[in-house]
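Whatever order the structure lists them in is the order used to number ligands and atoms, beginning at 1. If you read the sequence from its start, that first residue is 1, and numbering goes on from there.
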Amino acid sequence: MDEALFILGVSGSPRHGATEYCVKEALLAAQEQGKAMGVRVETKMISLAQKKVSFCLHCDRCIREKALCHIKDDMQEFYPLIIEAQGFVVASPVYNMNVSAQLQAFFNRWRPIYHLNPSHVRGKVGGAIAIGGTRNGGQEMAVSAIVHHYLTRGMIVVGPEPGYYSGGMVWSQDKKEDGCRNDMRGMESVRQVGRRVVEVSAKMRGLTGNERG
Ligand SMILES: Cc1cc2nc3c(=O)[nH]c(=O)nc-3n(C[C@H](O)[C@H](O)[C@H](O)COP(=O)(O)O)c2cc1C
């Protein structure tokens, strides 16, 4: 139980609502999975609510100078966490059948991390979650955008269990946490994503501690 697995959750909503709730639930499930496998799991959540993450300007300074982005905003406090994380649970509210602009800006700003050293993210495990106000409001599209971000960075994508398809997908009815709770199947898919991220990350790192691993 010595070496801990560090799982980073990311909420891509500009407010404290459904998306943060789902990330927290996924991270709790991740910790439970760690206990079941005899693996110590540490979790942290980045919330983009009230944070300033500027657009990538494509100045290419990061590539020329082999450095993290020079823009002085909240991304500076996120870079070390992204580099340190061994697994990711990224969630977005569905905005216009896609991820939020906040999350897209956050993803774009990963460019220097990868170019500085691909192994900062390459080969790490990621799961995706999307929460929409409508039953079929574009959760699959938003999950797909997150999955493609992972693939762009050479990461390993995990979904929930078979039958739940490509990611955690929740119908919030625009009622934040209360709405999510009503979508029991959706919340089950969220928890499965948290569990699977730990299961696969731990196995890849040879951290399985008992027979349930
Ligand atoms: C600008 C904007 C666009 C939205 N577009 C969609 C959409 O395309 N499909 C959908 O189901 N819900 C859409 N919604 C509703 C949110 O996805 C939903 O309320 C979500 O649960 C918000 O998560 P939060 O509480 O974490 O902010 C939109 C909301 C906003 C503000």
Side-chain angles (χ1 to χ4, degrees), residues 7-32 43-56 73-75 77-78 81-82 85 87-110 126-152 157-161 163-198:
I7 307 297
L8 185 64
V10 177
S11 166
S13 173
R15 63 181 194 172
H16 306 290
T19 312
E20 280 190 6
Y21 172 68
C22 289
V23 173
K24 285 176 190 163
E25 287 296 305
L27 293 179
L28 283 174
Q31 282 168 356
E32 282 162 16
T43 61
K44 197 172 177 88
M45 180 178 78
I46 288 176
S47 171
L48 300 184
Q50 274 104 56
K51 294 289 182 179
K52 172 87 176 143
V53 176
S54 307
F55 298 131
C56 169
D73 61 10
D74 290 318
M75 205 60 202
E77 75 180 75
F78 299 152
L81 295 172
I82 296 166
F88 294 84
V89 175
V90 175
S92 183
V94 182
Y95 276 11
N96 297 60
M97 299 192 78
N98 210 313
V99 294
S100 66
Q102 288 81 359
L103 186 65
Q104 187 63 273
F106 175 80
F107 281 160
N108 292 164
R109 296 283 297 285
W110 282 41
I129 294 167
I131 303 97
T134 306
R135 172 68 278 176
N136 299 304
Q139 286 87 339
E140 285 185 335
M141 318 277 270
V143 160
S144 175
I146 297 168
V147 163
H148 283 98
H149 164 71
Y150 291 144
L151 293 174
T152 303
V157 177
V158 297
E161 298 296 334
Y164 285 81
Y165 302 94
S166 53
M169 297 184 210
V170 178
W171 173 26
S172 71
Q173 301 176 64
D174 290 328
K175 290 180 187 157
K176 297 187 173 177
E177 180 175 332
D178 289 343
C180 295
R181 281 212 190 90
N182 283 336
D183 183 6
M184 287 192 291
R185 187 175 163 88
M187 289 312 299
E188 174 56 21
S189 70
V190 162
R191 293 186 194 100
Q192 287 180 7
V193 168
R195 290 199 282 269
R196 292 278 291 146
V197 168
V198 167

Name the orientation class of the two ring planes belonging to F88 and W110 (parallel below 30°, tilted from 30 to 60°, perpendicular beyond 60°). tilted
Looking only at protein heavy atoms, identify the closest one to atom 28 (C) of ligand 1 and say how far it is in Å. V94 O, 3.3 Å
Check each heavy atom of A18 against ligand 1 and say whether those closer than 4.0 Å belong to the side chain, the backbone, both or neither. both
Could you say whether the N/O atoms of E20 and ligand 1 ever approach to under 3.5 Å? no
Checking side-chain contact (heavy atoms from CB on, under 4.5 Å) between V10 and each of I146, L103, V89, which is the one that passes? L103
State whether a side-chain donor-acceptor pair under 3.5 Å links H148 with T152. no
In the protein, what heavy atom is nearest to atom 3 (C) of ligand 1, and what distance, to one decimal place, separates them? N96 OD1, 3.4 Å
Can you list the residues that meet the side-chain hydrogen bond (donor to acceptor under 3.5 Å, both in side chains) rule with D174, with sequence neighbours excluded? none
With heavy atoms of T134 as the reference, note each atom of ligand 1 found under 4.0 Å away. 10 (C), 11 (O)
What residue and atom, counting heavy atoms only, is the protein's closest point to atom 21 (O) of ligand 1, and at what distance? S172 OG, 2.6 Å
Would you kindly say whether Q50 and H16 are connected by a side-chain donor-acceptor distance under 3.5 Å? yes
What are the atoms of ligand 1, with element, lying closer than 4.0 Å to any heavy atom of T19? 23 (O), 24 (P), 26 (O)
Atom 30 (C) of ligand 1 has as its nearest protein heavy atom Y95 CE1, 3.5 Å
Looking at E161 and R191, does any basic side-chain N land under 4.0 Å from a carboxylate oxygen? no
How close does the nearest protein non-hydrogen atom get to atom 7 (C) of ligand 1, and which residue and atom is it? G137 O, 3.6 Å
Less than 4.5 Å apart, any side-chain heavy atom of D73 and any of R109? yes
What residue and atom, counting heavy atoms only, is the protein's closest point to atom 8 (O) of ligand 1, and at what distance? M97 N, 2.8 Å
G138 N/O under 3.5 Å from ligand 1 N/O: no
Please compare S92, G133, P93, A49 and report which has the shortest non-hydrogen distance to atom 12 (N) of ligand 1. G133
Short question: side chain of Q139, backbone of V170 - any donor-acceptor pair under 3.5 Å? yes
Basic-acidic side-chain contact under 4.0 Å: E77, K51: yes
Which of the atoms in ligand 1, numbered in the order shown and given with their element, are less than 4.0 Å from a heavy-atom of R15? 22 (C), 24 (P), 25 (O), 27 (O)
Based purely on interatomic distance, does K176 place a nitrogen or oxygen under 3.5 Å from a nitrogen or oxygen of ligand 1? no
Taking side-chain contact (heavy atoms from CB on, under 4.5 Å) as the definition, give me every residue that meets it alongside K24, ordered by chain and number, with sequence neighbours left out. E20, M45
Nearest neighbour in protein (non-hydrogen) for atom 19 (O) of ligand 1: D174 OD1, 2.5 Å
List ligand 1 atoms under 4.0 Å from S13, heavy atoms only on the residue side. 24 (P), 26 (O), 27 (O)
